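All values derive from a computational prediction rather than experimental measurement. Along the sequence shown, residues carry numbers from 1.
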Amino acid sequence: MKKLINNPTKVVEEMIEGYVKAYPNHVRQLVENERALVTAKKTCEGKVGVLIGGGSGHEPAFIGYVGDGMADGVAVGNIFASPPPDPILEATKAIDKGEGVIYIYGNYAGDVMNFGMAAELADLESGIRVGTVLVTDDVASAPKEEKEKRRGIAGEFFVTKVAGAAADKGYNLDDVVRVAQRANDYTRTMGVGLTPCSLPQTGKPSFELAENEMEIGLGHHGEPGIEKGELQPADQVVDRLVNDILTDMPIDSGEKVAVLVNGLGSTTNMELYIMFRRVEQILSEKGIEIHRSYVGSYSTSLEMGGASVTITKLDEELAAFVDHSADCPMYVQK
């Protein structure tokens, strides 16, 4: 499986170097730790800092979402691996403006451990108060009664969007955590995998699917899904994904939602718009209003084939945050 890289062991460092050089008006790399990036723009005193992070290979998540209206900093891990505590801590110190910092990250053991350690160190070393929201939007990763065990996948985009907007509007740390947690509680994602990716270090497929197979609920790192089967037309796949979401999180007629149809790396925009077409049909038939829609590759898995559908149920406050403007290198909303 071919990749345009140099040394496989240096792909993350070279990616970060290229990214910072490409967007110097948006991000800067901390001299204290090369895996910590923060906004290049001045933020006002008293603003809650928003810190995100996770493994590389999911671009534009997570580095692409540092900017106005979104995150103030990001800690970058190795491919599909949590960042260690050091870059998390340095980014925390850099973005703290006296009102504390919120950590937003996916519910994975390594992230929970390392972000937790960094939060403790931030308090002990600098007296920085840290709030945390674990993203748990992946319906396929655990049953509803064990939602706290679910993984965080593409829904992290909406949770970050809400937290960034709330911080921008001057909410204090407790309130930023409150609305970000509500965004997580109101967000569900279901995905389908079609083809594997390959890690630069190995060059080999991360998992196996037959030519005519798909896997419902496949994880962003190749974690097993809930069902393998024969590849189906787009409408049937979307019917399954949306039905599982709405079964898990019922939405009444007249309610508003935000929708993300997300490509996993090698899925074309043509396919994603065909999928969104069906999502809109289903929700329209149920009287559910799409308040704002997003289609594209927002959270990928290197060159994995497949896509996910994310639905966030909106109340008036969350809708205002979703509508809030943002200016990041890989995501702009006016």
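- With sequence neighbours excluded, no residue forms a ring-ring contact (aromatic ring centres under 6.0 Å, His included) with Tyr186.
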Item checked: Check against side-chain hydrogen bond (donor to acceptor under 3.5 Å, both in side chains), Ser141 and Glu223 -> CA-CA 9 Å; Ser141 57; Glu223 300 97 336; over 6 Å; no
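- Under the salt bridge (charged side-chain N to carboxylate O under 4.0 Å, His left out) rule, Arg35 has a single partner from Glu17, Glu90, Glu13, which is Glu13.
- Remark: side-chain polar atoms of Asn114 are paired, donor with acceptor, to backbone N or O of Pro83 under 3.5 angstrom.
- Of all the heavy atoms in Val12 and Gly77, the pair that sits closest is CG1-O, 3.9 Å.
- A salt bridge links Asp248 to Arg188: one of the charged nitrogens lies within less than 4.0 Å of a carboxylate oxygen.
- Contact check on Lys93 versus Glu125 returns a salt bridge, with a Lys/Arg side-chain nitrogen under 4.0 Å from an Asp/Glu carboxylate oxygen.
- Taking 4.0 Å as the cut-off between side-chain N and carboxylate O, Arg151 and Asp137 do not count as a salt-bridged pair.
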Note to self: I'd like to know whether Asp315 forms a salt bridge (Lys or Arg N to Asp or Glu O under 4.0 Å) with Lys256, so could you lay out the CA-CA distance, the side-chain angles of the two residues, the decisive distance to 0.1 Å, and finally the verdict.
What the structure shows: CA-CA 7 Å; Asp315 56 26; Lys256 295 181 179 181; over 6 Å; no
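- A salt bridge is absent between Arg129 and Asp123: the closest approach of a Lys/Arg side-chain nitrogen to an acidic carboxylate oxygen does not fall below 4.0 angstrom.
- Residues Tyr331 and Ala326 come closest through the heavy atom pair CE2-CB, 3.6 Å.
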Next item on the list: Please test Thr195 against Leu209 for side-chain contact (heavy atoms from CB on, under 4.5 Å), starting from the C-alpha separation and ending with a verdict.
Entry: CA-CA 7 Å; Thr195 60; Leu209 281 175; over 6 Å; no
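- Judged by distance alone, the side chains of His291 and Asp323 do bring a donor and an acceptor atom under 3.5 Å apart.
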Give every donor-acceptor pair under 3.5 Å between a side-chain atom in residues 43-52 and any protein atom, sequence neighbours left out.
| from | atom 1 | to | atom 2 | distance (Å) |
| --- | --- | --- | --- | --- |
| Lys47 | NZ | Asp72 | OD1 | 3.2 |
| Lys47 | NZ | Asp72 | OD2 | 2.7 |

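- Under the 6.0 Å cut-off for aromatic ring centres, Phe157 and Phe62 do not qualify, their centroids lying 6.0 Å or more apart.
- Side-chain polar atoms of Ser325 and Lys334 form no donor-acceptor pair below 3.5 angstrom.
- Grouping the Ile, Leu, Val, Met, Phe, Trp and Tyr side chains by contacts below 4.5 angstrom, directly or via other members, places Ile95 with Tyr105.
- Under the 4.5 Å side-chain heavy-atom criterion for ILVMFWY residues, a single connected hydrophobic cluster contains both Leu302 and Val76.
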Margin query: Apply side-chain hydrogen bond (donor to acceptor under 3.5 Å, both in side chains) to residues Glu99 and Tyr171 and explain how you reach the verdict.
Written below: CA-CA 10 Å; Glu99 186 57 38; Tyr171 280 41; over 6 Å; no
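- Using cut-offs of 30° and 60° for the angle between ring planes, the His58 and Phe80 rings count as parallel.
- Nearest heavy-atom pair, Val237 versus Val192, reported as atom, atom and distance to 0.1 Å: CG1-CG1, 3.8 Å.
- Taken from OG in Ser308 to CG in Leu264, the straight-line distance is 5.5 Å, to the nearest 0.5 Å.
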Next item on the list: Just do the side-chain contact (heavy atoms from CB on, under 4.5 Å) check on Leu314 and Phe321 with the steps written out, would you?
Entry: CA-CA 10 Å; Leu314 301 176; Phe321 292 141; over 6 Å; no
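- Shown are Thr312, Thr310, Asp244; of these, the side chain to side chain donor-acceptor pair (under 3.5 Å) with Thr189 is made only by Thr310.
- Of all non-hydrogen atoms in Lys313 and Leu318, the two that sit nearest each other are O-CD1, 3.8 Å.
- With hydrogens and angles ignored, the 3.5 Å screen pairs a side-chain donor or acceptor of Lys161 with a backbone N or O of His324.
- Counting all heavy atoms, side chain and backbone alike, Met304 lies closest to Cys197 at N-CB, 3.7 Å.
- In the model, Glu271 has a side-chain atom that pairs as donor or acceptor with a side-chain atom of Thr268 under 3.5 Å.
- From Ile251, atom CD1 reaches atom CD1 of Ile288 across 5.0 Å, with rounding to the nearest 0.5 Å.
- Summarising the geometry, atom NE2 belonging to His220 is positioned 9.0 Å from atom CG belonging to Leu218; distances are rounded to the nearest 0.5 Å.
- Here the side chain of Thr300 pairs a donor or acceptor atom with the backbone of Glu59 at under 3.5 angstrom.
- The minimum heavy-atom distance between Val177 and Gly131, with the atom names listed, is CG2-CA, 4.0 Å.
- With respect to Arg178 and Asp175, a salt bridge is recorded, a charged nitrogen being found less than 4.0 Å from a carboxylate O.
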